[in-house]
Amino acid sequence: ASRFNALKADASWQKVWDESRTFAARDDSPKPRSYVLEMFPYPSGRIHMGHVRNYTMGDVLARYRRMIGHEVLHPMGWDAFGMPAENAAMEKGVHPGAWTRANIETMKAQLKRLGFALDWTRELATCEPDYYGHEQALFLDLFKAGLVYRKESAVNWDPVDMTVLANEQVIDGRGWRSGALVERRKLSQWFLKITDFADDLLNGLGALEHWPDKVKLMQENWIGRSQGLTFSFKLSDGDKVDVFTTRPDTMFGSAFVAVAADHPIARALADRNPDAAAFIELCKRGGTTAAELETQEKLGFDTGLTATHPLDPAWQLPVYIANFVLMEYGTGAVFGVPAHDQRDLDFARKYGLPVKRVVSEGEIEDPVFVGNEAYGGPGVLVNSHFLDGMDIEDAKRTVISRAEGEGWGTGSTVFRLRDWGVSRQRYWGTPIPIIHCDTCGVVPVPRDQLPVVLPEDVSFDVPGNPLDRHTAWNTVDCPSCGATARRETDTLDTFVNSSWYFIRFASQPEGKPFDRAVAEQWLPVGQYIGGVEHAILHLLYARFWTRALKHIGQLDVAEPFAGLFTQGMVTHETYSRTIETLGTDGVDVIHKPLWLGPDDIERRDGGVFEIATGEAVTIGRVEKMSKSKKNTVDPEPIVDQYGADAVRWFMLSDSPPERDLPWSESGIEGSWRFVQRLWRLFDGATEGGEGASKDAALDRKLHQTIAGIAVDIDALSFNKAVAKLYALVNEIERAAPSASRSAAIATLMRLVAPMAPHIAEEAWAAAGNDGLIADAPWPEVDPALLVEDEVTIALQVNGKLRDTVTMAKGTAKDVMEALALANPNVQRSIGDATPKKIIVVPDRLVNVVA
Ligand code: ANZ
Ligand code: ZN
């Protein structure tokens, strides 16, 4: 038998699929539809193993669905805007567009070499005007519908690079490039009204049966609906301050009132008190991320004012300006309960405020709270007058109804979710299609002037947004009065690009974003597959965008993704050796790991060494493949060496798809050997010599495998499908030549086709079949062969179970009787007695009455 030449087969079948457009989806197909989608890649430069795993999973499902007769939409495109392209421009002097498009070329070629059944006729890149121009039209539609607005809002400002930083670019409060302390600055920015849909986004989660629970929970927490109370404190200066709380039950534990640095009370004070003004300036330092606010030292400024406790007029609370209170949330002011809120406790310990326990988790009722860990758990109210003994929920209700009854507060439903800030002060993104006119204000770009195309001639030699400096581009005539006006130079968050690409895949007519009827036929995406890192923002924004389109009457789809699967990561061992460097003080010697790649090391003499230096290497933890730890394996040379099918097979075997998959040399070699085993079977099948005989056991095994794999693939349990194929191949190899064996091998070609499509096509053609195996129907199951042929029979004596035996199904009554009487346990139980009667129920039991 010959060897399977993977490289040759891969190239020839990929060419056939490409040229015959095998995987182009037909919009007008009468077949049932399947929309299978993997999260589209960012064109960073090269495909990595995570992509290979993700796309292989989707591909198996897509190919299988085609075989069972579905019209499958399985598209691919590029999430092509974003910061790395601008960083490349700054570092290498290459234009972001050129860099991105070159990367797309490379990665597309790499994807093609894996033989994915993709509809390349629908390929799109979000950085092309043909995509983002339609996005601009949709943005204006939402603007017209009142779902877009402009508001002053805080950004991270790098005072050295003079640029706005994304949250991810702020590391420990400093700009990632300049290292300068980041400041909070106010800028006018564009927002999408996602909060209008907060309730619906939350309630909609209930209907998403085919989503992982953990993702739904993450979305639920992000949206964060809670019952709250807003009420006002009377202040000693006659003014009042509104506060918002989700824990009205804890009111008797209050120690202070605090307002945000940009709260009107704080600003008014700053006007007459320079110390207050200085404190407010201090608060502006540091990043704007929630994590950052959480970890920052809690700082306060005593205003000298006091606030009257609404449940006890004699009780006065000090009023502070505090850096951990946000102006954008609630009312921008809070009352602090140190015993039961960590921020408040940190604050109280710092400023020596009383810490009184009001919720007890057990016996402890002592009002003096000790320790530095606030208690936020369940319990019973203590030290709280009329609330004592109630549980938290009861106490909340009691306080809210009292506040409403006495007229000093109102209960409300509140959300943690904020409106989506989509302005980015960057070049490489969708230009926001707005013109600012001194006379007319904000003017939408007229439809016939879309797309607003990014200028090509930009430079990145100075920090900041090149669009701001490009006066030829940003100076325009006002569409409404004709006076000289200025283009908006902010571009859209790249999450906007990914909020509707799945709609454009479903329908991409010329001249408009999508054709409603066509898109509605494909949507929702039946199976969406991607990384759990997108569990919150991307999925939430896409769910919002879909709702917004429904709201403005453009698309009647409730949820964008009916099924969601989050796959595990591809991992690898890490290697390092320790190096010594001088610390920043120039004196201390610091030991730190120098990470080495899998190709930098060798194993010899029972140890591991760096090839270049011969130094001993430490094997570290198995971790997600990442550039920083150098533990990546580039898929391309692996494909060169083993062929696409072996790589695909490895990606599916061993680990369940939701778990991490450790990459190993021996694993990929095992997959390669299995592909060769398949080839020996396929190749031998054409050599004949089978005879006419049947092999009933093999027939059954085959049909059970066909049925089992179908279930496994639909459940995305690829590793189970692979295990069944191993078992089937073992049995075929062991079986003597027979008609059954030949039939099993012929069917096996189709069973492995979704996973290993190249060898399947090669074998299919060699066996003289017409057409492509990709177009062949999934093998039919003979239900009769799924039935077990052995049954378990209960052996009873006087109705008591004495033993069980297995026998062939349909065994004759007299044979069953004889087998029962010969059974040692039955004989022992009967003893000397003579059987009076023997009851036989075929295929079920024998009962000896003695
Ligand atoms: C008293 C209290 C007692 C609170 C307690 C918490 C625990 P979530 O649940 O995340 O919505 N808060 C309200 N507005 C704030 C603002 N603008 N900046 C910072 N913190 C603010 O958080 C609601 C809680 O966060 C509110 O309930 C308030 O503190 C605080 F044991 O009030 B709480
Ligand atoms: Zn004007």
Side-chain angles (χ1 to χ4, degrees), residues 154 198 220-231 233 241-263 265-266 283 288 290 292-294 296 298 300 307 309-310 317 320-348 355-361 369 373-379 381 384 392 395-396 399-400 403 409 411-418 434-446 475-487:
E220 188 180 322
N221 290 337
W222 189 261
I223 298 166
R225 178 163 65 192
S226 57
Q227 282 306 311
L229 174 70
T230 306
F231 68 92
F233 280 104
V241 59
D242 285 342
V243 297
F244 164 69
T245 178
T246 48
R247 294 293 305 274
D249 55 303
T250 64
M251 252 165 90
F252 286 107
S254 319
F256 60 92
V257 170
V259 302
D262 29 13
H263 192 280
I265 289 179
C283 288
T288 59
E292 216 120 25
L293 293 174
E294 204 110 303
Q296 263 172 22
K298 310 289 174 289
H309 196 291
L317 297 165
Y320 286 83
I321 304 169
N323 67 343
F324 63 91
V325 182
L326 305 168
M327 193 58 218
E328 292 81 24
Y329 190 50
T331 61
V334 303
F335 69 91
V337 182
H340 304 292
D341 182 287
Q342 193 59 47
R343 297 163 294 187
D344 298 348
L345 184 59
D346 296 346
F347 190 80
V355 181
K356 179 171 142 196
R357 175 197 314 280
V358 287
V359 175
S360 172
E361 63 267 43
F369 188 93
E373 227 168 281
Y375 180 71
L381 273 286
S384 297
I392 292 175
K396 279 186 186 175
V399 173
I400 291 175
S412 60
T413 305
V414 287
F415 295 90
R416 199 180 153 266
L417 183 69
R418 324 277 174 79
I434 292 286
I435 290 164
H436 300 281
C437 168
D438 285 343
T439 321
C440 314
V442 164
V443 184
V445 172
T475 311
V476 282
D477 293 341
C478 169
S480 129
C481 73
T484 300
R486 193 166 187 271
R487 272 196 200 288

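Numbering of ligands and ligand atoms starts at 1, following listing order. Everything numeric here is computed off the predicted structure, so don't read it as measured data.
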Atom indices of ligand 1, in the order listed, that fall short of 4.0 Å to a heavy atom of [X]:
X: F335; value: 1 (C), 32 (O)
X: R343; value: 19 (C), 20 (N), 25 (O), 30 (C)
X: V337; value: 3 (C)
X: V325; value: 16 (C), 17 (N), 18 (N), 19 (C)
X: F324; value: 18 (N), 19 (C)

Please state which protein non-hydrogen atom is closest to [atom] and give its distance, to 0.1 Å?
atom: atom 31 (F) of ligand 1; value: H340 O, 3.0 Å
atom: atom 6 (C) of ligand 1; value: D341 OD2, 3.4 Å
atom: atom 3 (C) of ligand 1; value: T250 OG1, 3.3 Å
atom: atom 24 (C) of ligand 1; value: T246 OG1, 3.6 Å
atom: atom 15 (C) of ligand 1; value: V334 CG1, 3.3 Å
atom: atom 10 (O) of ligand 1; value: Y329 OH, 3.9 Å
atom: atom 28 (C) of ligand 1; value: F244 O, 3.8 Å

Test side-chain hydrogen bond (donor to acceptor under 3.5 Å, both in side chains) applied to D344 - qualifying residues, sequence neighbours left out: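 Expected list: none.
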side-chain hydrogen bond (donor to acceptor under 3.5 Å, both in side chains) against D262, all qualifying residues, sequence neighbours excluded: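 Counting only residues at least two positions away or on another chain, D262 forms no side-chain hydrogen bond (donor to acceptor under 3.5 Å, both in side chains).
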If I take atom [atom1] from residue [X] and atom [atom2] from residue [Y], how far apart are they, to the nearest 0.5 angstrom?
X: F233; Y: D242; atom1: CZ; atom2: CG; value: 10.5 Å
X: K396; Y: Q227; atom1: NZ; atom2: CD; value: 8.5 Å
X: S226; Y: F415; atom1: OG; atom2: CZ; value: 8.5 Å

Just by modelled atom types, is the [Y] backbone N or O under 3.5 Å from a matching donor or acceptor in the [X] side chain?
X: T250; Y: R247; result: yes
X: Q342; Y: A374; result: yes
X: S412; Y: L229; result: no
X: K356; Y: F252; result: yes
X: H340; Y: G377; result: no

Proximity of F335 and F244 rings by center, below 6.0 Å: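 Between F335 and F244, the centre distance exceeds or equals 6.0 Å.
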Please check if the distance between the ring centroids of F347 and F324 is under 6.0 Å.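 Ring centroids of F347 and F324 are less than 6.0 Å from each other.
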Identify which protein N/O/S atoms are less than 2.8 Å from the Zn ion (ligand 2).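 Short answer, with waters excluded from the count: C437 SG, C440 SG, C478 SG, C481 SG.
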Before signing off on this row, confirm whether L326 and ligand 1 have an N or O atom pair separated by under 3.5 Å.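 Checking ligand 1 against L326, an N or O pair does fall under 3.5 Å apart.
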Can you check whether T245 has an N/O within less than 3.5 Å of an N/O in ligand 1?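 The answer is yes, given that T245 and ligand 1 share an N or O pair closer than 3.5 Å.
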Using residues 434-444 as the side-chain source, report each donor-acceptor pair under 3.5 Å to any protein atom, sequence neighbours left out, with the distance given to one decimal.
unit_1	atom_1	unit_2	atom_2	d
H436	NE2	E488	OE1	2.8

